Number of protein chains: 2
Amino acid sequence: MTYTLSSINSQEGGGLAQVPKDRQQRSVPRPRLNRETVLRAGVELADQVGIEGFTMRTLSQELGVVPMALYKHVANKQELLEGMVDLVWNEVTEPDAGRGWKQGVRDRSVSLRDALIRHRWAVGLMEAAGRPGPENLRQHNAMLGCLRQGGFSFRTTVHVMSLLDAYVYGFALQQKTLSFETPEESAASAAATHDAESAETAARYPYLLEVVAELAKEGYDYDAEFTVGLDLLLDGVEALRGSWRSA
Amino acid sequence: MTYTLSSINSQEGGGLAQVPKDRQQRSVPRPRLNRETVLRAGVELADQVGIEGFTMRTLSQELGVVPMALYKHVANKQELLEGMVDLVWNEVTEPDAGRGWKQGVRDRSVSLRDALIRHRWAVGLMEAAGRPGPENLRQHNAMLGCLRQGGFSFRTTVHVMSLLDAYVYGFALQQKTLSFETPEESAASAAATHDAESAETAARYPYLLEVVAELAKEGYDYDAEFTVGLDLLLDGVEALRGSWRSA
DNA sequence: ACCTGAACACCGTTCAAGT
DNA sequence: ACCTGAACACCGTTCAAGT
């Protein structure tokens, strides 16, 4: 989770203002930039600062280079982000059709969700407008193949993939916004938020208050939550194998 | 869908460069700004230009005012967006517990999804970090109440709401990125994208190609797709009423 | 109480120039 | 082939000033 970026940071970012420019240049024998290095550094930076802090200028600074240098390796910021997203897709394990469609699809859904948690900035970009990258294509192809080989009709296969991905994306989206780390912090934060408004709020939103109080006591486990919902979905999907619209 | 903004646009935006400043000021007897007007204009503008084209400066221009004037009514852009999101929550119909939990929850899920389609910029912001607005609180409280009154245990209620919202958000997220309007355009666009790469791609992603070809022939109905998946979820949820973990 | 003008510290990106 | 410097047209936002 903590890559090499922080060390680069303390070397360059910290001392950058003090060190003369040509000195700074030579002190870190920076390897020649290429597309791959730029994309990987982009992922690292976005992981650390989030999408709103991610700029061409900060990225170039991390790489010890002037902002314009990046444009030799990526067309523009949009295309850079697309490349970064495909790097995230590359981290997702393909479904293994040999283990059966259900296990294969389950594994890949968990893997996708894990990747989205590691790279919280990516959720809104995974299915974004631009041309899908090769890893994206490979991944979706494998998913479709797993379901087709599992005996799902063509039409149902498309439905199921859309349904499962919607759940994974949506869950990651919900979890992304919750910035606290542990369930305990989560509960405490929720309680604190609403306690401040106290009496009036309690009267207006009784069910909400019940939840906050209860969660404050017991905590909330997102990981367990996700897999329970996923299995519910998979069971539902299994029931319609061969029965959804045109079989 | 097409509000009054376009007419304002043609009045002010179009002639703004030609008309002298004081003249332009008086020609449109602009009513006094307040928080409500700013937020509503914000929603309209974001609907039209998307979140990336939505700036304080363009919004102020739409309102016939200098950018700084907005800061009398909203603290900053972040707080403005939060207010706009709560306006979207206000469009969502509360679940009617009287019709039974299943119908109530279904109606509100469809309504939420419709709102997210009308305001595509909102998906990533609905559960965003800031303080949830009053409409957001009211909405979630009503959803919880509907499920509790439907006989769901406290714990299960939380799970179900999280599961359903994840699906709605995720589906809207998928649909958001597809910018084409009709299913036919959707299919054509998909086909065109992959046709360009032709032979090599066909060999590498056979299942994906199958989908593209098939969808090009038959089209793809997102609306039907959404409700089918939703009903699958609701049936699955019904089965675990009173049985999920602590009943 | 509400709006404005000028200014600041940022953005992404272009272009011509350096090595 | 790769990187740089200077510049352009934008951002959000502050502050002092106007009415």
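Computed over heavy atoms, backbone and side chain alike; hydrogens, waters and symmetry mates excluded. Remember, predicted model here, so these are calculated numbers, not experimental data. So that the names make sense, note that chain A is the first sequence line, chain B the second, and so on, each numbered from 1.
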- [ ] Dot-bracket notation for DNA chain C is requested: 5' to 3', Watson-Crick or G-U wobble pairs only, both distances under 3.5 Å, with ( ), [ ], | and . as defined.
- [x] ||.|||||...|||||.||
Open item on the list: Below the 4.0 Å mark, does dC3(C) have OP1 or OP2 next to a side-chain nitrogen or oxygen of Lys72(B)?
Closed with: no
Task: Check: Tyr207(B) main-chain N/O paired with Asn141(A) side-chain donor or acceptor under 3.5 Å - done: yes
Open item on the list: Looking at His73(B), I'd like to know whether one of its side-chain N or O atoms comes within less than 4.0 Å of OP1 or OP2 on dC3(C).
Closed with: yes
Task: From dG12(D), dT13(D), dC11(C), nucleotide with atom closest to Asn76(B) side chain - done: dT13(D)
Task: Carboxylate-amine/guanidinium proximity below 4.0 Å for Asp223(B) and Arg113(B) - done: yes
Task: Nearest-nucleotide pick for Ala69(B), side chain only, options being dT4(C), dA7(D), dC3(D) - done: dT4(C)
TODO: Can you measure from CG (Asp86(A)) to CG (Leu137(A)) and round to the nearest 0.5 angstrom?
DONE: 7.5 Å
Task: Selection from dT13(D), dA7(D), dT4(C) that lies nearest to any side-chain heavy atom of Pro67(B) - done: dT13(D)
Open item on the list: Assess whether a salt bridge exists between Arg108(A) and Asp165(A), defined as any Lys/Arg side-chain N lying under 4.0 Å from an Asp/Glu carboxylate O.
Closed with: yes
Task: Closest listed nucleotide, where the reference is the side chain of Leu33(B) and the choices are dT13(D), dC3(C), dC11(C) - done: dC3(C)
TODO: Could you please spell out the steps behind the side-chain contact (heavy atoms from CB on, under 4.5 Å) verdict for Val85(A) and Asn136(A)?
DONE: CA-CA 9 Å; Val85(A) 163; Asn136(A) 181 339; 5.8 Å; no
